[in-house]
Participant: 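Take this structure first; my questions come after.
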Number of protein chains: 2
Amino acid sequence: MMPKKRIRQVDIADKLNVSVGLVSLVLSGKSHEFRISDEMAAKVIETAKALGYRPNQLARGLRTGKSGIIGLLVADISNPFFGKMARCIENEAAKLEYQVMFGSSDENSEKLENLINTFSSRQVDGMIIVPVFDSERILLSLQEQSIPFVFVDRYCEGVDEDAVVVDNYLGSYELTSLLIKKGYRKIAALAHNLGLSNIKERIQGYTTALKESPLDYPVEEFIFEVDFDQVDTRLEAVLKRAHKDGCDAFFFANNKLGISSLKYFDKIGLSIKDDIGIVSFDNPEAFQVTKPGITCLEQPIDLMCEKAIQLLSRKIEGRVKTKPERISLPGNLIIRESC
Amino acid sequence: MMPKKRIRQVDIADKLNVSVGLVSLVLSGKSHEFRISDEMAAKVIETAKALGYRPNQLARGLRTGKSGIIGLLVADISNPFFGKMARCIENEAAKLEYQVMFGSSDENSEKLENLINTFSSRQVDGMIIVPVFDSERILLSLQEQSIPFVFVDRYCEGVDEDAVVVDNYLGSYELTSLLIKKGYRKIAALAHNLGLSNIKERIQGYTTALKESPLDYPVEEFIFEVDFDQVDTRLEAVLKRAHKDGCDAFFFANNKLGISSLKYFDKIGLSIKDDIGIVSFDNPEAFQVTKPGITCLEQPIDLMCEKAIQLLSRKIEGRVKTKPERISLPGNLIIRESC
DNA sequence: AAACCTTGATAAAACGATTTAGCCAATATT
DNA sequence: AATATTGGCTAAATCGTTTTATCAAGGTTT
């Protein structure tokens, strides 16, 4: 069986005894603009279809300088939060005829750097980036390469670019206030990296809510940082420790920590709602099916992605814009039975 | 501030007063093969680094005929099962210096066709495909284009290509047998599309286990098909109906149905384990944190992806191979408290 | 009849790499 | 001394498009 060669514009041109240029003009819809006769145009389109022509986007991209690809850089595509994000970005990008290429940084700035560099090498037209800790340098260098990008979920302090995030401060403030209102007396906060912009804001909201409350204890002593790769080794101990120190409620700064902790509470034998109160950022399915359901702050991922692609595409198309925007969208407080 | 032009090989060549060809040879590591002097090679590499050269993969791809991109076509990247898959494919692909571009078909053959066509247009070197119902035609046409691809999770009956799947039959057989052993008398099965190869096998395993058991009722009458887009409208009624008809246990053919049903059982007021027994395919986090935990069959996603990329890469590299393989890997039965 | 449009096409130069054929010294071989 | 070999490089074709400049032929205008 023959390997069957791909059909190129020149094949169409040869068949019709015309030039490649003409074929190109017709196929890219410039017939009228370049006064190609309607009959000729029709013939070209017809044989293109008949031969099963598909444009070679590599060649087209090389010539036009646009690859039609958007790079999506998340911490981990297998995290349902980023999975949802990927899906929303995919949908929005598709509307503008972009394809999405993704990469997971694992919250590691070196990996992020590698990904950014390969994506740049692949001539992506723009990137949607979830920046990680300590990635300022590479992001500044990306700026210098003048490849358009926007931040989502978090931003990088030293890098002045568009960003779309949930209102982290308000969300945490609401979650924490709820715990306080319910009568919990000592609330621990857990986060995986206190250096990230979104986490900082979340801790800020948490702290402020407590400071404004009648509760009076050294809040800072009950903010715990448990890195992702320490979940298996340290999380259980931290939870036990906090409980032993009198914490009767927990604020989780993201879904991973919330979910993992659920397992440990069960193991330790602490009953949620009866023994301890719980609130968390994000709204993964696990929070919806577990009993009691977990009170949480759902992020408007679809809206965030819509905005992000809007910002990105106008950058790509070079539509001017005075200053980078930092868009903050309200989260959705979902009250369940965990507190 | 200047737009700062990208550095090309010719810029390096000009700076050193040599030809582009030489620069290319050096940078692609062919110095020795083409007897470029070590000092020259060193100079090229040095200035490449100094100027911050990054190869243009579009140009390279156009010339070499390899884009370095693998297309991943799943049903929905936001489904944690496919999210995990994406992550594993990403990791395996990275080892071979491939980037991954993804697309979600939503179990829709038209969408799949569009995605396959755009991916083909983008010159992906190969694709990992989760085929959907009624996609035989487009897949055969892909075969004719001689673009390498392998199936994962399911295969398409009429298309003879490599496939990597979990042992669906055995997994379902084990899950169902467990329910039978626990003493449940009437077990309903729910699936979202009985036409898919993996679902067929799962139903086969379920049916066989029942037929081999002392239980004696018309099994076929308790196999329910609830499409993804009918979950909100029909699932609750189906569950109620089955329970009213005497079903005391449920077999779910995938995570989506299992998770959604959990919510409805809660709503209907049926207590899992006390009132009904439950088993499901897949092992999403929701099954791990809910109480009681859901007994399920975990798929070896990492292994499946490893195999899939192996098969794909050997196809891409044209390494001969007698016949397409259909690899079936054993699942991992996880026994929890839901039955 | 010369000058001018108009219409409908073509030819050729890009885009940035890879890759092959070949050139010219200098050295080695017979 | 003539020829072959080797080392080190260059020139040019090529990948499949897009895009601009150009051209031929016919129709209008003076």
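Only a predicted model underlies this, so the values are computations on that prediction, with no experimental measurement involved.
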Participant: Quick check on dG16(D): is either OP1 or OP2 less than 4.0 Å from any side-chain nitrogen or oxygen of Arg60(A)?
Facilitator: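 Indeed not, no polar side-chain atom of Arg60(A) lies that close.
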
Participant: Using a distance-only test with no angle check, is there a side-chain donor-acceptor pair under 3.5 angstrom linking Ser78(B) and Asp76(B)?
Facilitator: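 The answer is yes; a qualifying pair exists.
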
Participant: Which part of the nucleic acid, if any, lies within contact of Arg35(B), taking any heavy atom under 4.0 Å across all strands shown: a base, the sugar-phosphate backbone alone, or nothing?
Facilitator: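 It contacts base atoms.
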
Participant: Identify whether any heavy atom of Asn17(A) sits under 4.0 Å from a base atom; if not, whether one sits that close to sugar-phosphate; answer base, sugar-phosphate or nothing.
Facilitator: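 Here Asn17(A) touches the backbone only, sparing every base.
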
Participant: Under the 3.5 Å rule, do the base of dT17(D) and the side chain of Arg63(A) count as making a donor-acceptor pair?
Facilitator: no

Participant: Do you see a donor-acceptor pair shorter than 3.5 Å between the side chains of Gln57(B) and Ser67(B)?
Facilitator: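 Ser67(B) and Gln57(B) do not have a side-chain donor-acceptor pair below 3.5 Å.
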
Participant: Please compare Pro55(B) and Phe34(B) by the position of their nearest nucleotide in DNA chain C and report the one closer to 5'.
Facilitator: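 The residue mapped nearer the 5' terminus is Pro55(B).
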
Participant: The side chain of Gln9(A) is closest to which nucleotide in this list: dA9(C), dT18(C), dT17(D)?
Facilitator: dT17(D)

Participant: Quick one: Leu62(B) CG to dC15(C) C1', roughly how many Å, whole number?
Facilitator: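 Rounded to the whole Å, the gap is 9 Å.
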
Participant: Just to be sure I understand the rule, does Val18(B) reach a base, reach only the sugar-phosphate, or reach nothing, if contact means heavy atoms closer than 4.0 Å?
Facilitator: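 Here Val18(B) touches the backbone only, sparing every base.
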
Participant: When the distance from NZ of Lys66(A) to P of dG16(C) is rounded to whole Å, what number comes out?
Facilitator: 14 Å

Participant: Does a donor on one side chain sit under 3.5 Å from an acceptor on the other, for Ser28(A) and Arg60(A)?
Facilitator: no

Participant: Just to be sure I understand the rule, does Ser24(B) reach a base, reach only the sugar-phosphate, or reach nothing, if contact means heavy atoms closer than 4.0 Å?
Facilitator: base

Participant: Out of dG16(C), dT17(D), dA9(C), which nucleotide sits closest to the side chain of Asn56(B)?
Facilitator: dG16(C)

Participant: Nearest-nucleotide wise, let me know which of Leu27(A) and Ser37(B) is further upstream toward the 5' end of DNA chain D.
Facilitator: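 Counting from the 5' end, the first nearest nucleotide belongs to Ser37(B).
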
Participant: Look at atom CD of Glu110(B) and say whether more than 12 heavy atoms of other residues, nucleotides or ligands are closer to it than 6.0 Å.
Facilitator: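 Atom CD in Glu110(B) is not crowded, with 12 or fewer foreign heavy atoms closer than 6.0 Å.
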
Participant: Which one, dT19(D), dG8(C), dT19(C), comes nearest to the side chain of Lys30(B)?
Facilitator: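 Comparing dT19(D), dG8(C), dT19(C) against the side chain of Lys30(B), the answer is dT19(C).
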
Participant: Between atom CD in Glu39(A) and atom C1' in dT7(C), what is the gap in whole Å?
Facilitator: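 In whole Å, dT7(C) C1' lies 12 Å from Glu39(A) CD.
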
Participant: For Glu33(B) and dG8(D), give me the distance from atom CD to atom C1', rounded to whole Å.
Facilitator: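 From Glu33(B) CD to dG8(D) C1': 15 Å.
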
Participant: Look at atom NZ of Lys66(B) and say whether more than 12 heavy atoms of other residues, nucleotides or ligands are closer to it than 6.0 Å.
Facilitator: yes

Participant: Rounded to the nearest Å, what distance is computed from the CG atom of residue Leu22(B) to the P atom of nucleotide dG8(D)?
Facilitator: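 Atom CG in Leu22(B) sits about 12 Å away from atom P in dG8(D).
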
Participant: Would you mind reading off the distance between Ile12(B) atom CD1 and dG16(C) atom C1', rounded to a whole angstrom?
Facilitator: 12 Å

Participant: Could you check how far CE of Met40(A) sits from C1' of dG8(C), rounded to whole Å?
Facilitator: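 After rounding, the gap between these two atoms is 11 Å.
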
Participant: Calculate the interatomic distance between Gln57(B) atom CD and dC15(D) atom C1'; express it in whole Å.
Facilitator: 15 Å

Participant: With sugar-phosphate meaning primed atoms plus P, OP1 and OP2, does Leu25(B) contact a base, only sugar-phosphate, or nothing at under 4.0 Å between heavy atoms?
Facilitator: base

